[in-house]
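Atoms within each ligand, like the ligands themselves, are counted from 1 in listed order.
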Amino acid sequence: MLNAPDRLRDFPSLADRAYLNTAAEGIPSLEVRAALLRYFSDHERGMDGRDAHFDELTAVKLLVGRLYGLTAEEIAVCSCTSEAFNLAALALRLKPGDEVVINDLDFPAGATPWLHPESRATVRLWKSRAGALHVEDLVPLLGPKTRLVSTSLVSFFNGFTIPLRQVVETVRRHSQALLAVDVTQALGRIPLDLDGVDFIVSSTHKWILATHGGGLVGVPKARAADWHVPAGGWFNLHDAFGPNRFDRAESLLGAPGFAVGMPNFPAIYAIRAALDYLLEVGVEAIDLHARPLVLHCLEEVARLPVELLTPRNEDSIAGILAFRHPDAERIYKHLHANSIHVMHHAGRVRVAIHGYNTAEDVERFLRALHEALGAA
Ligand SMILES: Cc1ncc(COP(=O)(O)O)c(C=O)c1O
């Protein structure tokens, strides 16, 4: 992944383009393709394939546990981050007067379960300033009524990376709230220290380079009783097929309560292969390779006549940077016509740099961006 021969062998589709859009869709390696074919062969065996399916799930839980700093028993796989947050909202059993803190750099999945008129909690918004979330602005939002603080580790919007250690300490000092952290834009790209987080979730189609269809949930055992999801299903239940099954349903505590039905095995095979791959390359090695590219790109973009949305603070950078420009759509089209893939939405252009990107990808992007702006 980190050098040209490996990159072209494992990600042949990257050969002719500068792919800077992993924050939207990661490019899976050929190992993932092989895993999906293996799933097919196992599934062709019918019920006899199930042991193999469940072996893959066991392996995924171990691998995710390594990345989250948890044990396999503290991990579950559901179908997406949004599903995990909705189940988390059920588990909280919020009452009128309870408060939930969200922030304005967050992806909707972690912010919206509490914004429905039916939700009984009061939502308090932690507002960013100049693209950054400041811990001192969180303090006045916390108190005895705060039940949950929900945030992404790395913002999908501008790549701002929260100072997690400070956030954990602040939430603990000023409230009894649980802290939920969405690591979708971080997992596989930067090394994680999630100690003190009460609920962790990630999607699987971005930086870990797997497929769609996974939500990787982590709940530390010490917090399992706080996350008792009252959902129907069977995989999440104690004794779903026992003699009293039509009298009452009792779900499992903690992470296992987030996997309600038959696991999405195709995704699980892909996730296992993708995580094996990433861990072999090493997330630290990926960050060492990609971080200088992000910092260089940020410095160069900051010189241009665009509105930079990403704060220029090295400590709050992961793999994403973003800027705004009135001609974002034309810029995007120019880049795309030159086989440079970035994200654009509502006047914002977002660049994402992973281990399979190169200095040449960044130079190509900067050259084409100069051209597009020169023509503005
Ligand atoms: C931070 C973050 N969380 C979650 C998601 C996706 O959520 P889901 O898995 O529910 O589609 C995204 C991106 O699309 C994201 O950027």
Side-chain angles (χ1 to χ4, degrees), residues 19-28 60 64 67-68 75-90 101-116 126 128 131 133 148-162 164 167 179-190 192 194 197 199-218 229 231 255 258-261 263-264 266-268 270-271 274-275 309-310 316-322 341-346 348-354:
Y19 189 82
L20 301 167
N21 202 11
T22 302
E25 296 285 348
I27 303 300
V60 163
V64 175
L67 288 161
Y68 283 2
I75 304 298
V77 184
C78 67
S79 68
C80 63
T81 293
S82 301
E83 181 191 20
F85 272 117
N86 283 311
L87 294 174
L90 288 180
V101 179
I102 60 174
N103 67 67
D104 65 359
L105 293 183
D106 215 351
F107 190 77
T112 53
W114 299 276
L115 289 173
H116 284 280
W126 181 13
S128 57
L133 290 163
L148 178 74
V149 175
S150 176
T151 183
S152 287
L153 180 58
V154 176
S155 166
F156 85 107
F157 179 78
N158 67 350
F160 176 75
T161 303
I162 61 162
L164 184 60
V167 171
L179 175 62
V181 177
D182 177 346
V183 297
T184 297
Q185 296 293 359
L187 188 68
R189 173 61 184 79
I190 53 171
L192 301 179
L194 298 170
V197 176
F199 177 83
I200 308 163
V201 65
S202 177
S203 307
T204 54
H205 57 286
K206 299 177 189 286
W207 302 88
I208 69 163
L209 312 178
T211 60
H212 307 101
L216 307 176
V217 174
V229 179
F258 285 81
V260 292
N264 179 351
I268 284 163
I271 295 162
L275 291 181
L309 297 171
T310 306
S316 58
I317 293 287
I320 296 173
L321 62 103
H341 297 236
V342 298
M343 173 85 180
H344 96 106
H345 179 248
R348 178 174 55 104
V349 174
R350 182 180 70 188
V351 178
I353 300 178
H354 205 351

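With ligand atoms numbered from 1 in the order given, ligand 1 contributes 12 (C), 13 (C), 14 (O) to contacts under 4.0 Å with heavy atoms of K206. Ligand 1 places these atoms under 4.0 Å from at least one heavy atom of F156: 16 (O). Near D182, the atoms of ligand 1 lying under 4.0 angstrom from a non-hydrogen atom of the residue are 1 (C), 2 (C), 3 (N), 4 (C). Interface atoms of ligand 1 facing S152, defined by a heavy-atom separation under 4.0 Å, are 1 (C). Those atoms of ligand 1 that come under 4.0 Å of a heavy atom in C80, given as number and element, are 8 (P), 9 (O), 10 (O).
Of the possible polar contacts, one joining the R189 side chain to the A318 backbone as a donor-acceptor pair under 3.5 Å is found. With hydrogens and angles disregarded, no donor-acceptor distance shorter than 3.5 Å links the side chain of K206 to the backbone of T22. No donor-acceptor pair under 3.5 Å is formed between the side chain of S203 and the backbone N or O of C80.
Using the six-membered ring where Trp is involved, F85 and W114 have ring planes that are perpendicular, over 60° apart on the 30 and 60° scheme. Using the six-membered ring where Trp is involved, F107 and F156 have ring planes that are perpendicular, over 60° apart on the 30 and 60° scheme. Ring geometry, H205 versus H212: the interplanar angle falls from 30° to 60°, so the pair is classed tilted.
Atom 10 (O) of ligand 1 has its closest protein heavy atom at S82 OG, 2.6 Å.
Counting only non-hydrogen atoms, the option in W207, F85, F157, F107 that gets closest to atom 5 (C) of ligand 1 is F107.
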Kindly determine whether V77 and N264 satisfy side-chain contact (heavy atoms from CB on, under 4.5 Å), including the steps that lead there.
CA-CA 8 Å; V77 184; N264 179 351; over 6 Å; no

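Ligand 1 has a nitrogen or oxygen under 3.5 angstrom from a nitrogen or oxygen of S203. The shortest N or O to N or O distance between Q185 and ligand 1 is below 3.5 Å.
When non-hydrogen atoms are compared, ligand 1 lies under 4.0 Å from the backbone of T81 as well as from its side chain.
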